[in-house]
2 protein chains.
Amino acid sequence: MADGRRGGGAVQSVERALDLLEVLAAAPDEMGVTELTEATGLPGATIHRLLATLLSRGYAHQDPVTRRYSLGSRLVRLGGSAGRRFGTWMRPWLVELMELSGETANLAVLEDSHVVYVAQVPSRHKVRMFTEVGNRLLPHTTAVGKVLLAFRPREVTGAVIARNGLPGRTGRTITDAGRLYRELEQVARRGYAVDDEEEEEGVCCIAVPVFGPDDAPAAMSVSGPTSRLGPGRRQRILPRMLRVSADASAALLSAGDPARRGDRHP
Amino acid sequence: MADGRRGGGAVQSVERALDLLEVLAAAPDEMGVTELTEATGLPGATIHRLLATLLSRGYAHQDPVTRRYSLGSRLVRLGGSAGRRFGTWMRPWLVELMELSGETANLAVLEDSHVVYVAQVPSRHKVRMFTEVGNRLLPHTTAVGKVLLAFRPREVTGAVIARNGLPGRTGRTITDAGRLYRELEQVARRGYAVDDEEEEEGVCCIAVPVFGPDDAPAAMSVSGPTSRLGPGRRQRILPRMLRVSADASAALLSAGDPARRGDRHP
DNA sequence: CAGCCTATTCCACATGGTGGAAGCGATGCG
DNA sequence: CGCATCGCTTCCACCATGTGGAATAGGCTG
């Protein structure tokens with residue numbers, strides 16, 4: 001095995017193909033073969049061959065005129081199926097969150113600088129939350145968003161903020177970059193984030209991370225009217241939320257083998 | 001080359017990995033290695049190795065207790081990026097549709113038995129359409145949905161219908177399977193579909209397919225109030241829509257092949 | 001507790017993937 | 001207008017890499 005540092009037996013060409021997809025996903029627009037060469041360190045011929053394979057299956061797209069590459073439409077459908085599936089096997093944890101808090105529980109991921117809600121378990125209250133599955137919100141206004149940002153390298157955070165700006169949604173939204181960075185640091189240290197009417201008046205939200213094999217975490221939250229989620233109640237709920245967070249992460253990371261123990265949480 | 005029948009130079013292990021992802025996406029729930037063996041014809045060891053690679057990157061997920069596999073969370077984000085990108089390079093065609101019809105143009109794909117809107121170019125009318133990007137609707141109630149179904153094998157269509165049923169949305173929704181099948185045949189023959197207030201009262205929609213390297217087509221549509229999209233106007237718009245459909249498909253299919261270059265005509 | 005079925009690991013082999021270098025086609029420059 | 005350049009694509013000999021049959025481990029079932 002050429003790349004001995006990677007875990008177990010991994011298929012080189014598949015890994016490289018995935019690398020390509022990820023580089024393409026991260027890029028703001030289309031990329032040429034040479035750019036990909038620089039980004040991945042692979043020889044052009046190899047990249048071309050890999051791309052040809054992805055191309056023929058619709059996983060990559062090549063602009064007919066510029067000949068540059070980007071992600072293909074096939075991934076849209078796959079992503080949708082994956083989201084549905086992801087929501088399904090995260091459901092037990094969401095249910096747990098909903099039951100321990102009595103409020104609606106959400107699952108979200110960071111996608112193209114936006115927070116996207118992937119699954120939800122609604123509370124039984126008459127007054128419930130509004131976010132719908134599939135909704136896209138800005139990270140800096142939401143608790144899940146702050147969690148998703150807090151556990152990524154600073155440069156990613158910076159890119160996201162540069163792209164979105166920090167528009168205010170309510171009087172309490174954090175619109176100052178310095179303050180946001182301080183808050184994110186705190187979130188990373190504490191392991192949770194709170195949104196106290198920063199996205200919507202009267203709505204409060206508490207979020208915790210879920211770490212998986214993916215380098216970016218997902219986030220789970222509970223959200224409800226501020227009247228029901230005051231500081232006192234939050235203090236009571238939080239320890240149990242953190243515990244669920246850790247449990248869910250452990251479940252995701254254990255791929256059935258006790259050999260690999262990559263603990264990632266603070 | 002052992003497998004000479006496949007187009008050009010494709011990387012075997014990558015193709016197989018993609019096969020696995022697609023099988024997992026198509027399955028209603030998690031799958032074991034043996035099921036995958038049957039579905040793909042690959043030996044168990046090979047599948048296992050491929051899955052290990054996908055697993056370690058978050059592209060597949062293994063339930064810690066049942067040890068069965070499904071799609072991983074990483075694909076959710078990738079899919080999102082891909083959707084955004086897909087919408088971006090389809091935009092010229094959508095703009096063309098919007099301009100030739102004066103109505104809002106949409107791009108949609110079939111995803112997990114649902115129609116999902118991926119991109120949109122809004123019309124300049126004050127009264128516009130309602131579908132939002134990311135929205136999920138049932139195929140049988142929409143023009144795009146009918147297009148997406150019409151160009152897939154009968155068994156896929158059947159599975160989708162079996163899963164969703166044929167709930168009515170308005171008095172005009174097609175709720176009879178026989179009638180739907182006849183309509184789909186007509187759609188396939190004519191190359192377009194119409195939704196005449198079948199999804200929403202007062203809203204009419206015309207859709208055409210876009211064929212790419214992916215075996216499933218996408219669909220583009222224009223939608224607006226019935227008052228503006230009566231039979232007469234539809235007849236005038238349709239030929240041009242079909243032309244855009246063909247042009248867009250040609251553009252998608254020519255992957256670096258110096259075949260057809262569809263110049264746009266304002 | 002034995003039998004069976006499924007996931008996982010192992011390993012010798014040769015197939016399939018690799019990448020340096022040569023071809024092309026398109027822009028840009030003189 | 002033709003020559004130079006640059007980046008995408010194709011070729012091919014080599015051998016690292018992925019392959020898959022068979023052995024192992026683990027978990028249910030009867």
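Computed from a predicted structure; not experimentally measured. Order of the sequence lines fixes the chain letters, A, B, ..., with proteins taken first and strands second; residue numbering starts at 1 for each chain.
Atom CG of A/L54 and atom P of D/dT9 are 13 Å apart (whole Å). Atom P of nucleotide D/dG20 and atom CD1 of B/I47 are separated by 10 Å, given to the nearest angstrom. The nearest whole Å value for the distance from the CG atom in A/L50 to the P atom in D/dT10 is 15 Å. Between the CG atom of B/L51 and the C1' atom of C/dT9 there is a distance of 15 Å, given to the nearest Å.
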- Along nucleotides 25-30 of chain D, 5' to 3', which nucleotides get a B, which get an S, and which get a -, given that the test is a protein heavy-atom distance under 4.0 Å? ------

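Remark: B/R136 pairs with A/R84, B/E111, B/D112, B/H114, B/V116 by the side-chain contact (heavy atoms from CB on, under 4.5 Å) rule, at least two apart or across chains. Residues meeting the side-chain contact (heavy atoms from CB on, under 4.5 Å) test with A/E96, sequence neighbours left out: A/W93, A/V244. Listed by chain and number, the residues in a side-chain contact (heavy atoms from CB on, under 4.5 Å) with A/P28 amount to none (sequence neighbours excluded). Residues passing the side-chain contact (heavy atoms from CB on, under 4.5 Å) test with A/S221 are A/N106, A/V144, A/C205, A/A207, sequence neighbours excluded. Legend: residues meeting ring-ring contact (aromatic ring centres under 6.0 Å, His included) with B/Y192, ordered by chain and number and at least two apart, are absent. For B/R91, there are no salt bridge (Lys or Arg N to Asp or Glu O under 4.0 Å) partners two or more places apart in sequence or in a different chain.
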- Message: For DNA chain D, please output the secondary structure as dot-bracket, reading 5' to 3'. Pairs are Watson-Crick or G-U wobble, both atom distances under 3.5 Å; mark crossing pairs with [ ], other-strand partners with |, unpaired with a dot.
- Response: ||||||||||||||||||||||||||||||

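The stretch residues 34-45 of chain A touches DNA chain C through A/P43, A/A45, each having a heavy atom under 4.0 angstrom from the strand.
Between the CD1 atom of B/I47 and the OG1 atom of B/T37 there is a distance of 4.0 Å, given to the nearest 0.5 Å. In this structure, A/R68 CZ and A/Q62 CD are separated by 11.0 Å, a value rounded to the nearest 0.5 Å.
Along DNA chain D, the nucleotide nearest to A/R68 and the one nearest to A/V14 differ in position, and the one closer to the 5' end is contacted by A/R68.
Under 4.0 angstrom from either OP1 or OP2 of C/dT8 there lies at least one side-chain N or O belonging to B/Q62. OP1 and OP2 of D/dG18 both lie 4.0 Å or more from every side-chain N or O belonging to B/Q12. Listed pair B/H48 / C/dA7 fails the phosphate criterion, with no side-chain N or O lying under 4.0 Å from OP1 or OP2. Contact check, A/Y69 against D/dT9: a side-chain N or O comes under 4.0 Å of OP1 or OP2.
A salt bridge does not link A/E30 with B/R85: none of the charged nitrogens is closer than 4.0 Å to a carboxylate oxygen. No salt bridge links A/R240 with A/D247; every basic N to acidic carboxylate O contact stays at or beyond 4.0 Å. Looking at A/R74 and B/D215, a side-chain N of the basic residue comes within less than 4.0 Å of a carboxylate O on the acidic one, giving a salt bridge.
The side chain of A/T46 sits closest to C/dT18 out of C/dT18, C/dT8, D/dT9.
Residue A/G191 comes nearest to A/F151 through the heavy atom pair CA-CZ, 4.2 Å, listed as atom of the first residue, atom of the second, then distance.
Counting non-hydrogen atoms under 4.0 angstrom, B/R16 reaches the backbone sugars and phosphates but no base. B/S13 comes within 4.0 angstrom of sugar-phosphate atoms only, judged by non-hydrogen atoms across all strands, and of no base.
Residues in residues 49-84 of chain B take part in these ring pair (Phe, Tyr, Trp, His ring centres under 6.0 Å) pairs, two or more places apart or across chains: A/W89-B/H61. Counting only residues at least two apart or on different chains, no side chain to side chain donor-acceptor pair (under 3.5 Å) pair has a member in residues 38-48 of chain A.
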Heteroatom pairs (N/O) under 3.5 angstrom, protein to nucleotides 11-14 of chain C:
none

